[in-house]
Every structure is written in C-alpha cells, then in structure tokens.
Amino acid sequence: MIQMESVEKVYRTDRIETIALSDISLSIAKGEFVSIMGPSGCGKSTLLNIMGLLDRPSKGRVKLNGQDVGGSGDRALASARNKSIGFIFQSFHLIPDLSVIDNVEIPLLYRSVSASERKRRAAAALDRVGLSARKQHFPSQLSGGQQQRVAVARALVGTPDLLLADEPTGNLDSHTGEEVMSLLTSLSKDDGSTVVMVTHDAGMASRTQRTIRLFDGRQVH
Amino acid sequence: MNAASLKLTLRVLARRKVFTAISLFGVSFTLATLMVVTSVFDHAFGDHAPDPDSSTTLGVYTMRLSGEHFISSGNPGYGFLDKQVRTLSTPERVVIISQPASGSIYEGGRKFDIQVRNVEPAFWDLTRFRFLEGAPFTADDDSAARQVAVINETTRRRLYGAASAVSRELEFEGRTFRVVGVVRDVSAIQQTTAGDVWFPMGASLSTGDRAELRGGYLGLVKLKSPRDKAAAQAEFATRIKAMQLPGDYKELQSGLDTPFEAVSREMLSDNMGSSHPALLLALAFGVAVLFMLLPAVNLANLAISRALERSAEIGVRKAFGATGRQLIQQLLFENLVLTVLGGVISIPIAALTLALVNRSGLVDYADFGINGRVLAWGLAAAVVFSVISGIYPAWRLSRLEPAEAMRGRAS
C-alpha cells in the first residue's frame, strides 16, 4: 500500500535547519493496522503527513499503491488524497461554519457526485458512527468524542483504501477514546481498510498489528 | 459554486462581524463614489431626453484654425455651419443653435440672470423637450423674426410665480419677447439642450454672424440611419479639406462627432484632426481602476488575515481532495459575494449623494440619478474590484501545503 525509501524531512529557516525525519524506509501492506509511536517531537506526525501526501519529503521516495508520488503536481496529489486516503486528526479539524452532515460531505464535494448522493452517503457514514441524530448540528454543539466520530465519518465517507489517524484519541477521555479505537479496529477487521495510527498510548498501540517506533526523527527497532 | 457555497459564505461573513463591517464599508464607499462619477458621466454623454436621439444625431462642436504663426480653437461660426454643414448630402437635416450665453431679464424691477440660446425652429423637432404649456416657436416665427421665446419652468416660476407664462412678456437686452411655451428644466450638464430661455435664430442673428467662420454656435446633424455615420463623417472631412480658407488661415480641423467624441477630439488630438473616444474611455477606465486599487489592496490585506484564520479549513479541504484551483474559486466566490453585498449597500449611498448634489446647486437643474446603465457599470466595477482584491489572497492560500495550512490554527 505504502512504501517509503530513505525519506528525509528538513525544516529550514534563515538560521536554523531542523531535521524532522531522517532515513526512514518502511512498507505498509494493504489491510494492515499499524501504529506509529515515539516521544513528542520525534517526527510521528511529520511521517504521517508525508504518508498522506499532506507534506513533501525533502529527500527520498514515497510510493502509494506502487506509484511514486514524488513528482506529482497539485491536481494528481489532490486526486490521490481524495480517492485513496482518509484523515483523522487529533484536534478533529471540523469546519465550524458547516453542519455535521456538510462536514462529512467534504471529500465528496471534490468528486463528481450529485448533491442527493452526497447527502445519502454522508448520512450512511454518520449512521455508522452512531451520530445520525446529530446531522444538522454544528461542531460546537457536540462533545469532543462526538466531534471525533464526525471526523471518522468524514474520513470513511469516500471509502478510501488508507485511513491515517494522528493521535485520534489524544484529546478524548478514556471512554470516548475507547469508542473511537473500537471504530478503527472494526474498520480494519471488518472492512479490510489499511489503518495507520499515530499514538502515545502503548495500550492502544498494542491493539494494532505492528508498531513503528521513532526517536529523534529516526526509525528504531 | 452553488447554493451551499453561498450559504457557507454568508455564514462566514455573519460570524466575522468586524471584518465584514470594515470590508463592507470600504467596498460600498468605493463603489458609491464610482457610481456617482458614472452617473455624472452618463448624464453628460448618455442618451438622455431632451437631448436628440444619440444614435442618429452628430454635432459639429469644435474647430481649430491654424496659420503660419497662430492656432485658434473654439466653437464654429454660423456662417461655417450654414455653408459647409447644412449643404452636406448624407444627413437628413442640419440644425444650427447657439452655445448658451449669459444674459439678464428684467421683470417687475428685478433682474434675473439667465442662460440664453438662439435656436432654429427645427431644434424643437430634433430634441425631445416636454412642453408644460404652450408650444415651440414655428418656422414662420423664425422667418418673420418675431420676438417670441420658450422658457424653462424655473424661469417661469421666477418671473411669473405660479401663473401661466404663455403670452406674457419678458424684456431682454432692451427688446420685448412674448412667451409661447414653457419646457421642463434641463440639467446644465446636457450641453446640447441646456438653457433657461430660447429665442428664434431669425430674431437674433446679425448680418455679421451669418458670415462668420468662427463663433459661438454648434451644428446638430440628424442622420437618416445610424449606419450613415461613417459616410457623413467622411463627407464632412472631405468638405473641410477642400475649403478655401480666408486670410492667413492655412488649415481647418473639425469633426462630425458625438458629444463624447468631441471631448476626446479636444483632449487627446494634437491638432483636433481626429477623435479618440476609445482611448478616452480606456483612460477613464484606467483612472477608475487606479481609484479602486488602494481600497482593493486594503481589502486584500484584510482578506489575507481573515483567510489565515481559516487556514485550518483550507488545509482540511486540501487534505480531502480540493485542488489549488478549486480553493481559488471558492475564495474568489466568497470575495465576490462580499463585494456584491457592498455594491448593493452602495446603491442607496450613491443615490443619496446624487440627491444632495442635485440640491446643492453645483450644476444648474442637475437631475443626476441611478439608471440601468449606471447600475450595470456599478456591477461591473464590483466584479473588477472583487477580482483585484481577491486574487492575491486566494492564490497565496491555495499554494499552502495542507500540513502547513492546518498548523496555522486548529478549528
């Protein structure tokens, strides 16, 4: 599903050069449930962003479904993100001016899907995360756990091959965190989705099939 | 862009009240100013009654005579218009009228300053005056040099109060004229028809005037059809080229113009040999764009700071498949909605300003207002303003990497 070869990410300012990732090579197979662990600032989110084509590596190659995405332009990257990848963020990143159902529809806005079909699929995704009664609410009217479930619905509404979750339970209490984790586990087991999750929580990581560990931007074994 | 985009845009604007208020103030003030200027421009050069139908009427407004050591520009004389313009074969008819001249009327021991014009009787057929009472003077009045006059409604009120003016007398330059008709006031900006009192040419024209090459007159040329314009202009150009000029005059330049072409001839042609209406229009556009530039830059700045607040949203949209182009479209659409709202607010502001100008007396009998043409130009200005102020922020935000955009601020 994903191959990374000798990936490096360096952030440069006028005076400082910060190496966020160094010589990362890894492969994630289709259907795997993988966690990424490591202390704060070790490059976990940067790695996930590069995997999800949200950021470009400074060096190295990234392949998605066997295709090198290094030289891809804006349209090709946008299309790959739209069709192949679903994101779940720690801070939810719901759009406050949109209702719950409008937030869930976002990935479908950038495909040729009719408005009625968008509504139908978004409603089905919300039903799956148990929030069909909250369709017309706004994010600020929901609890943190509910907001993250909306974010999960948004991530899976476009039926992507790959789900990337950046500390999806980091802002949630243990009970709602468990609910979200169960959802991800079900998506992996029942739907065969490839899931990559960044987490601090060893307990959550232990429920995945494999853990990639990072320290100071390097992969450790 | 669809109804959902419009709904989202309005919701965003409602949520960011201070930004929206400041932006709307800037946009509406700028557009209102442009609409006021456009309205004045439209009244001066647009098709407004009682001016003659602009599609079939041209005029000889100015001329330039040059000799070896001198150049002289001004209005044509009656003699020139009578001999060289009236005898053209392409036009249907030619009407000679004088430029407005200041004068005084004495009534009941009081002096009234007025603008007087001498016009040929066909002037009343060519123009679209509305008579409030009486009728225009006739060809018989003109040929018999009868001392009759048409006055406007303000002159009637000043001279006779609320009473009827027809058959009343007025004294002008020691002569007594009988009023035969009263017309509505005409804005002084309508140069072809503006005036307070109109006398028949026959009652006023001196023998000397009849032969003058230069003088305070203009010739109105009525075409059979708008398609005859080029032919009439070419015939007039050939005519003046072939003219035998008296005295030291070596060259005469003039043209058969619309009022706008006449202004462009005076402003933009070195020797008045040609008119440049397209260039003058382009210059006017240029000035309008420059005028919009400063507030547009301010709005762009505001839009950037507002959009940076929404950078997380931009990041999310990119993460879920929006291309840079789609984001530019979305942000430009939002800016367009804001500008059109500003445009709607600017309409009553412009209307109020024009009403104040009308009442101020800056322009006699000013009747500026907002019509379909002014609204259309206002809308065009709003779109131009929207693009100028929106394109840079939209382009800048669309170029952000999604991860970078989402780091801006979490929602």
Side-chain angles (χ1 to χ4, degrees), chain A residues 9 11 20 45-56 73-99 101-111 113 115 118-119 138-140 147 151 154-155 157-158 160 164 166 171, chain B residues 1-20 303 306-331 333-335 337-338 394-411:
Chain A
K9 180 68 183 178
Y11 291 106
S45 295
T46 305
L47 179 62
L48 200 76
N49 285 342
I50 290 174
M51 233 177 243
L53 317 181
L54 299 183
D55 213 347
R56 291 174 193 264
D74 178 58
R75 285 177 76 169
L77 288 176
S79 171
R81 287 192 291 258
N82 182 247
K83 295 195 173 81
S84 305
I85 307 170
F87 298 93
I88 302 161
F89 305 102
Q90 180 181 3
S91 47
F92 324 134
H93 281 317
L94 299 177
I95 297 173
D97 297 311
L98 294 181
S99 66
I101 193 154
D102 288 342
N103 264 288
V104 175
E105 274 184 41
I106 286 174
L108 306 178
L109 287 176
Y110 305 110
R111 297 183 188 184
V113 177
R118 281 203 306 267
K119 287 270 177 265
F138 284 88
S140 57
Q147 288 190 49
R154 178 180 63 186
V157 73
L164 299 177
D166 190 357
N171 278 354
Chain B
M1 297 296 116
N2 50 25
S5 310
L6 182 63
K7 218 164 76 180
L8 171 65
T9 303
L10 294 176
R11 211 177 284 151
V12 169
L13 292 178
R15 207 157 66 90
R16 293 166 170 83
K17 290 183 180 65
V18 175
F19 163 81
T20 306
R306 175 189 62 130
L308 286 175
E309 277 179 34
R310 293 171 65 198
S311 70
E313 177 189 333
I314 306 290
V316 167
R317 287 183 181 275
K318 281 200 128 183
F320 285 101
T323 60
R325 192 175 168 172
Q326 285 165 325
L327 288 172
I328 287 177
Q329 280 172 355
Q330 183 196 334
L331 294 167
F333 177 76
E334 290 181 14
N335 209 51
V337 170
L338 180 72
W395 173 80
R396 194 176 137 179
L397 282 162
S398 73
R399 279 171 53 91
L400 288 174
E401 290 290 343
E404 195 185 349
M406 277 188 283
R407 271 196 296 272
R409 187 178 292 187
S411 51

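Chain A is the first sequence line, chain B the second, and so forth, proteins listed ahead of strands; every chain is numbered from 1.
For B:A319 against A:R81, the heavy-atom pair with the smallest separation is O-CB, 3.5 Å. The minimum heavy-atom distance between A:R56 and B:E401, with the atom names listed, is NE-OE2, 3.2 Å. Summarising the geometry of A:N82 relative to B:G321, their closest heavy-atom pair is CB-CA, 3.5 Å, with the distance given to 0.1 Å. Across B:F320 and A:F89, no two heavy atoms sit closer than the pair CE1-CE1, 4.3 Å. When all heavy atoms of B:A322 and A:A78 are compared, the closest pair comes out as O-CB, 3.8 Å.
The backbone N or O of B:G324 sits less than 3.5 Å from a side-chain atom of A:D74, completing a donor-acceptor pair.
Heavy-atom contacts from other residues, nucleotides or ligands closer than 6.0 Å to CZ of A:R111 number more than 12.
Note that CD of B:E313 is 7.0 Å distant from CD1 of A:I106, once rounded to the nearest 0.5 Å. To the nearest 0.5 Å, atom CD of residue B:E404 and atom OH of residue A:Y11 are 9.0 Å apart.
Proximity to chain B is limited to the backbone of A:S99, based on heavy atoms less than 4.5 angstrom apart. Within the 4.5 angstrom heavy-atom criterion, only side-chain atoms of A:N49, from C-beta onward, approach chain B.
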### Task
In sequence, state the C-alpha distance, the side-chain angles, and the governing distance for A:I95 and B:R317, and then conclude on side chain to side chain contact (heavy atoms under 4.5 Å, CB included).
CA-CA 9 Å; A:I95 297 173; B:R317 287 183 181 275; 4.0 Å; yes
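A heavy-atom distance below 4.5 Å is found between the side chains of A:R154 and B:V316.
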